[in-house]
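Encoded as structure tokens, the structure appears first; notes follow it.
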Amino acid sequence: MTYVFEGGSIVYDKSVLTEADKARAVAVEKLPEQETPVGKIAVIKADKATNSVWWEYVDSPAAVEFRELEVQIQGLQQAMAELTILLAGGEA
């Protein structure tokens with residue numbers, strides 16, 4: 001039996017848990033299958049009230065950083081285009 005806590009902790013060895021710990025967790029025979037999309041990471045979630053466990057997929061730090069860099073690059077490309085027009089004697 002695997003125990004998943006609402007805070008996202010997973011315990012595979014029930015012998016390390018007290019009965020009180022087990023009562024606070026959702027017990028499952030096996031974890032739901034992960035289907036992690038590209039650029040995401042899987043975060044385990046549990047709801048004791050409904051006795052359910054699932055994966056949520058959040059942006060990976062690398063994907064967030066990549067998007068931020070893309071925005072910065074677009075801004076620099078725009079600035080370079082405007083500067084090129086000004087240096088050529090035109091108006092931006």
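Both backbone and side-chain heavy atoms feed into the values below; hydrogens, waters and symmetry mates do not.
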Could you tell me whether E6 atom CD has more than 12 heavy atoms of other residues or ligands within 6.0 Å of it?
yes
Set out, in order, the CA-CA distance, both residues' side-chain angles and the distance that settles side chain to side chain contact (heavy atoms under 4.5 Å, CB included) for W54 and V4, then state yes or no.
CA-CA 10 Å; W54 69 96; V4 182; over 6 Å; no
Regarding E82 and Q78, do their side chains bring together a donor and an acceptor under 3.5 Å, going by distance alone?
yes
When rounded to the nearest 0.5 angstrom, what distance separates NZ in K22 from OH in Y3?
4.5 Å
Under the side chain to side chain contact (heavy atoms under 4.5 Å, CB included) rule, what do V53 and K45 come out as? Steps first, then yes or no, please.
CA-CA 6 Å; V53 174; K45 297 290 183 171; over 6 Å; no
Residues two or more places apart in sequence or in another chain: which of them pass side-chain hydrogen bond (donor to acceptor under 3.5 Å, both in side chains) with T84?
none
Straight-line distance of S52 OG to D47 CG, nearest 0.5 Å:
5.0 Å
Between V71 and L76, is there shared hydrophobic-cluster membership here, with clusters defined by ILVMFWY side-chain heavy atoms closer than 4.5 Å?
no
Just by distance, do the side chain of Y57 and the backbone of E35 share a donor-acceptor pair under 3.5 Å?
yes
Quick one: do Q74 and E70 satisfy side chain to side chain donor-acceptor pair (under 3.5 Å)? Show the steps, please.
CA-CA 6 Å; Q74 288 173 355; E70 280 184 317; over 6 Å; no
List the steps, then state whether side chain to side chain contact (heavy atoms under 4.5 Å, CB included) holds for I10 with F5.
CA-CA 6 Å; I10 303 171; F5 292 84; over 6 Å; no
Which heavy atom of E29 sits nearest to which heavy atom of M1, and what is that distance?
OE2-CE, 2.9 Å
Interatomic spacing from NZ in K40 to CD in Q34 - rounded to 0.5 Å:
14.5 Å
Does the side chain of T2 come within less than 4.5 Å of K14's, by heavy atoms?
no
Examine distances only and state if a side-chain atom of E56 and a backbone atom of I44 form a donor-acceptor pair shorter than 3.5 Å.
no
Say whether, by atom type as modelled, one donor and one acceptor occur between the side chain of W55 and the main chain of P32 under 3.5 angstrom.
yes
Minimum heavy-atom distance between D13 and V16, given as atom pair plus value:
O-CG2, 3.0 Å
Can L86 be reached from M80 by stepping across I, L, V, M, F, W or Y side chains whose heavy atoms are under 4.5 Å apart?
no
